[in-house]
Asks: 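First the structure, then my questions, so here it is.
All figures in this text were calculated on a predicted structure; none of them were measured in a lab. Labels below follow one simple rule: chain letters A, B, ... track the order of the sequence lines, proteins then strands, and each chain is numbered from 1.
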Amino acid sequence: MSTAETPSSSNFIRTIITDDLESGKRDRVITRFPPEPNGYLHIGHAKSICLNFGLADEYKGRCNLRFDDTNPTKEEDEYVEAIKEDVAWLGFDWGEHLYFASDYFAQLYLWAVQLIKAGKAYVESQTAEQVRENRGTLTHPGVDSPYRDRSVEENLELFEQMKNGDFPDGTHILRAKIDMSSPNMNLRDPALYRILHAHHHRTGDTWCIYPMYDFAHGQEDSIEGVTHSICTLEFEDHRPLYEWFLNELEIFAPQQIEFARLNLSYTVMSKRKLLQLVNEKHVNGWDDPRMPTVSGMRRRGYPAAAIRTFCERIGVGRAASWIDLSVLEDCVREQLNESAFRRQAVLNPLKVTITNVPADRVEELVAPNHPQQPELGNRTLPFSNELYIERDDFMEDPPKKFFRLGPGREVRLRNAYIIKCDEVLKDDNGEVIELRCSADLDTLGKNPADGHKVKGIIHWVSARHAQKVAVRVYDRLFNRENPDKAENYLQALNPESLQETEALVEPSLLQAKPGETFQFERVGYFTADSKDSQAGKPVFNRTVTLRDTWAKMKA
RNA sequence: UGGGGCGUGGCCAAGCGGUAAGGCACCGGAUUUUGAUUCCGGCAUUCCCAGGUUCGAUCCCUGGCGCCCCAACCA
């Protein structure tokens, strides 16, 4: 637990914890992040991770990483490894406190037996359908199972047989004996154990009965001495059950606290949907840079610190909230602006010939890696008579506020000279194919001698020296703010979320290392892809654009 | 006539009976060899609505309205 940012404001959870500490209800703070290893972590998990580890850090306590692996049919080792990597990458350290629900299976079994002996649990032998029918509905109470009054002895024997593998899947379950007419559906004799002849990623074939979430989670927390068990709002109705088990078992009672889960505009967050996007190849894997997964964002080039800032910035509450994607992007820019080296790259080239520079002359210009941080050094930028500039930086008939290049106009070449557009060359279709410009060679590092101002500054690369690299321009994965409001969320997919193109970049960029992020000046931040880049042949992912008030003015 | 939650500016969010923090967005203006960054300044007489209690209510009470969650042998 190392990198928690300073809290910007209070929230209800901090208030609860502070009160608990002051009143003496608790003498320390232990939290946990309890993912089920059935998929990759997404930005919603990041919120929970920052919260749990952040709180532990603030209160000098600790946060456990615990895998809630109680359903062997959905869980895999691949996922536990990916989750560990993601949590660590986010900047959090669970130290020795790595746990698995499956480590507690034996203890959980003993507790189930204890409940049976106390007459608080029984073996149900109806079918799943019958159980469902007898549970009643939201407005009508359920009815007691015909097996509800089996003797303790019979229950004990049956449960043991369940454990021994004497029954096929689905034939029996162990249920808590609570109240079939409770207005809280979770209390209508919830299932504690089901029979599953499935191979578990850690316990193998040792067990063929597995505990349900409700029977496992609170006890797991209790075993670990968790003081504050923080989860999302949909578990609110489970809290009475969570407490019921701890109370019946008479074991250490953590406090469950619920908060509102994160909703991000233009994205979906459910694991089921993310899995579908991956399986049906709408994206290229869990770590596709368009995915809201931690691994996707990492590959996209989002710094871990930006995600932490984001989680702190959005706050924690109990009101359902929708955060705009732009908030996340802004955190990314804030972080990258500080650290990313500046480079020049042209994505959509237009040729420019400097008529008053000899064709055989090459100048090695010096340009800073970061204009606000000279200590970060410089790189050299070759300049010659043939350049490429961005097509968008020229307009034949520009509006008044346009201060880039146009016929007869002047502009500053970033880190180089001021040039003037003398001539516009077109092809047979009337398409502009080249600009012929003259440079004021006395403007390197200074303004024109006559003192006149040149407002526009554009980036460029030397045609002869420019290197061609692959670039992936990413946009939001979905077109709709809330993809779930579409008839089918897949219909809200943005067909242009990925555009593969090429860029002409300054030579120094060929040395970019996988995962390294640069600001292509005036364009955006780009990160060398960690999978597809090769030595001397980087592939760049557009991480995020720069803020663009000109684009806004045009719109 | 099921239960549990939530409702503060465009988006988040503090506040917990004493007269609306902060961030993001937005709008001005300054600096700038990135229309970026940075920097200044502006931005809720009002807290879902209506009553009530109180000297005083976003905070307490009553009644509405709106939204979210719950009927897996998932977590």
Asks: For the pair A:H45 and A:F33, name the ring-plane relationship: parallel under 30°, tilted 30 to 60°, perpendicular over 60°.
Replies: perpendicular

Asks: Closest to the A:I323 side chain: B:rC12, B:rG23, B:rG2?
Replies: B:rC12

Asks: With a 4.0 Å cut-off on heavy atoms, is A:I457 in touch with a base, just the backbone sugar-phosphate, or nothing at all?
Replies: sugar-phosphate

Asks: Counting only heavy atoms and a strict 4.0 angstrom limit, can you tell me which residues of residues 441-448 of chain A come near RNA chain B?
Replies: A:T443, A:L444, A:G445, A:K446

Asks: Can you tell me how the ring of A:F526 sits relative to the ring of A:F520, calling it parallel under 30°, perpendicular over 60° and tilted otherwise?
Replies: parallel

Asks: Would you verify whether the NZ or CZ of A:R476 falls within 45 degrees of the ring axis of A:Y266 while also being under 6.0 Å from that six-membered ring's centre?
Replies: yes

Asks: Base, sugar-phosphate alone, or nothing: which one does A:A128 contact when heavy atoms must sit under 4.0 Å apart?
Replies: base

Asks: When rounded to the nearest 0.5 angstrom, what is the spacing between CG in A:D86 and CH2 in A:W286?
Replies: 11.0 Å

Asks: With C1' as the reference atom in both, quote the distance from B:rU32 to B:rC26 in angstrom, rounded to an integer.
Replies: 23 Å

Asks: Under the rule syn = chi within 90° of 0, otherwise anti, which is B:rA72?
Replies: syn

Asks: Mark this stacking check for A:Y213 against B:rA75 as yes or no, applying ring centres under 5.5 Å and ring planes under 30°.
Replies: no

Asks: Whom does B:rC24 pair with, Watson-Crick or G-U wobble, provided both distances fall under 3.5 Å?
Replies: B:rG10

Asks: Measure from the side chain of A:S321, starting at C-beta and using heavy atoms only, and say which of B:rA14, B:rA13, B:rC24 lies closest.
Replies: B:rA13

Asks: In chain order, what residues pass the ring-ring contact (aromatic ring centres under 6.0 Å, His included) check against A:F100, with sequence neighbours excluded?
Replies: A:F67

Asks: So if I define the base as every atom that isn't primed, P, OP1 or OP2, how would nucleotides 65-72 of chain B read as a B/S/- string at a heavy-atom cutoff under 4.0 Å?
Replies: ----BBBS

Asks: Check every strand shown and say whether A:R318 touches a base, only sugar-phosphate, or nothing at a heavy-atom separation below 4.0 Å.
Replies: sugar-phosphate

Asks: Scan side-chain atoms only and decide if A:E258 and A:Q256 contain a donor-acceptor pair under the 3.5 Å cut-off.
Replies: yes

Asks: Could you tell me how far apart A:K455 (NZ) and B:rG35 (C1') are, to the nearest whole angstrom?
Replies: 7 Å

Asks: Of all the choices, B:rG15, B:rC74, B:rG35, which nucleotide is nearest to the side chain of A:S10 once you look at every atom?
Replies: B:rG15

Asks: Determine which nucleotide pairs with B:rC39, using a 3.5 Å limit on both distances of a Watson-Crick or G-U wobble pair.
Replies: B:rG29

Asks: Could you check which nucleotide pairs with B:rG63 in any of the strands shown, counting Watson-Crick or G-U wobble with both distances under 3.5 Å?
Replies: B:rC49

Asks: How is A:N11 classified with respect to the nucleic acid when contacts are heavy atoms under 4.0 Å: base, sugar-phosphate, or nothing?
Replies: sugar-phosphate

Asks: For B:rC74, does OP1 or OP2 lie under 4.0 Å from any side-chain N or O of A:R194?
Replies: yes

Asks: For a quick check of understanding: with a heavy-atom distance under 4.0 Å over all strands, which category does A:P240 fall into, base, sugar-phosphate or nothing?
Replies: nothing

Asks: Would you mind pulling out the nucleotide paired to B:rA72, Watson-Crick or G-U wobble, both distances under 3.5 Å?
Replies: none

Asks: Once you round it to whole Å, what is the distance between P of B:rG4 and CG of A:L187?
Replies: 12 Å

Asks: Using only modelled atom types and a 3.5 angstrom limit, is any donor from either the side chain of A:R404 or the base of B:rG35 paired with an acceptor on the other?
Replies: yes

Asks: Base, sugar-phosphate, or nothing: which does A:Q126 touch, judged by heavy atoms less than 4.0 Å apart?
Replies: base

Asks: If I take atom CG from residue A:L444 and atom CD from residue A:E363, how far apart are they, to the nearest 0.5 angstrom?
Replies: 6.5 Å

Asks: Using the P atom in both, what is the distance from B:rG5 to B:rC11, to the nearest Å?
Replies: 26 Å

Asks: Return the nearest nucleotide to the side chain of A:E36; candidates are B:rG7, B:rC74, B:rG23.
Replies: B:rC74

Asks: Let me spell it out: for each of A:S125 and A:D548, pick the nucleotide of RNA chain B with the closest heavy atom. Which residue's pick is nearer the 5' end?
Replies: A:D548

Asks: Go ahead and name the base partner of B:rU54; Watson-Crick or wobble counts if both distances stay under 3.5 Å, otherwise write none.
Replies: none

Asks: Give a yes/no on whether any side-chain N or O of A:R342 is located under 4.0 angstrom from OP1 or OP2 of B:rU34.
Replies: no

Asks: Base, sugar-phosphate, or nothing: which does A:P37 touch, judged by heavy atoms less than 4.0 Å apart?
Replies: nothing

Asks: Expressed as a whole number of Å, how far does the C1' atom of B:rU34 sit from that of B:rG28?
Replies: 22 Å

Asks: Closer than 4.0 Å, any side-chain N/O of A:K552 to the OP1 or OP2 of B:rC26?
Replies: yes

Asks: Mind calculating the distance between CZ (A:R333) and P (B:rC24) to the nearest angstrom?
Replies: 13 Å

Asks: Would you classify A:V316 as touching base, sugar-phosphate or nothing, given that sugar-phosphate means primed atoms plus P, OP1 and OP2, and contacts are heavy atoms under 4.0 Å?
Replies: sugar-phosphate

Asks: Rounded to the nearest Å, what distance is computed from the CE atom of residue A:M180 to the C1' atom of nucleotide B:rG3?
Replies: 15 Å

Asks: Tell me whether the OP1 or OP2 atom of B:rC74 has a side-chain N or O from A:T70 closer than 4.0 Å.
Replies: no

Asks: Give the C-alpha distance, both sets of side-chain angles, the deciding distance and a yes or no for salt bridge (charged side-chain N to carboxylate O under 4.0 Å, His left out) between A:E334 and A:R313.
Replies: CA-CA 13 Å; A:E334 185 175 300; A:R313 196 172 280 183; 2.8 Å; yes

Asks: Is A:F402 touching bases, backbone alone, or none of the nucleic acid, heavy atoms closer than 4.0 Å?
Replies: base

Asks: Does a side-chain N or O from A:R522 land closer than 4.0 Å to OP1 or OP2 of B:rG35, or not?
Replies: yes

Asks: Tell me: CD of A:Q335 to P of B:rU38, nearest whole Å?
Replies: 12 Å

Asks: I'd like to know if the side chain of A:Y417 pairs up with that of A:D442 as donor and acceptor (distance under 3.5 Å, no hydrogens or angles considered).
Replies: no

Asks: Going by atom types alone, do A:R202 and A:S102 pair a side-chain donor with an acceptor below 3.5 Å?
Replies: yes

Asks: Decide if atom NZ of A:K420 counts as having more than 12 heavy atoms of other residues, nucleotides or ligands within a radius under 6.0 Å.
Replies: no

Asks: Counting side-chain heavy atoms from CB outward, which of B:rG15, B:rC24, B:rU34 is closest to A:Q519?
Replies: B:rU34

Asks: Could you tell me the separation between the NE2 atom of A:H459 and the P atom of B:rG35, rounded to a whole number of Å?
Replies: 10 Å

Asks: Are A:H201 and A:Y79 an aromatic pair by the rule of ring centers under 6.0 Å?
Replies: no

Asks: Mind checking the C1' distance from B:rA57 to B:rU19? Whole angstroms is fine.
Replies: 10 Å

Asks: Would you mind telling me which of B:rU34, B:rC74, B:rC12 lies closest to the side-chain atoms of A:W322?
Replies: B:rC12

Asks: Name the nucleic acid region contacted by A:Y193, choosing base, sugar-phosphate or nothing; use a 4.0 angstrom heavy-atom cut-off, strictly under.
Replies: nothing

Asks: How close do A:A121 and A:N155 get, heavy atom to heavy atom, and via which atoms?
Replies: O-ND2, 3.8 Å

Asks: Checking all strands, does A:A260 fall into the base, sugar-phosphate, or nothing category for heavy-atom contacts under 4.0 angstrom?
Replies: nothing

Asks: Within this structure, what is the CE-CZ distance for the pair A:M553 and A:F402, rounded to the nearest 0.5 Å?
Replies: 11.5 Å

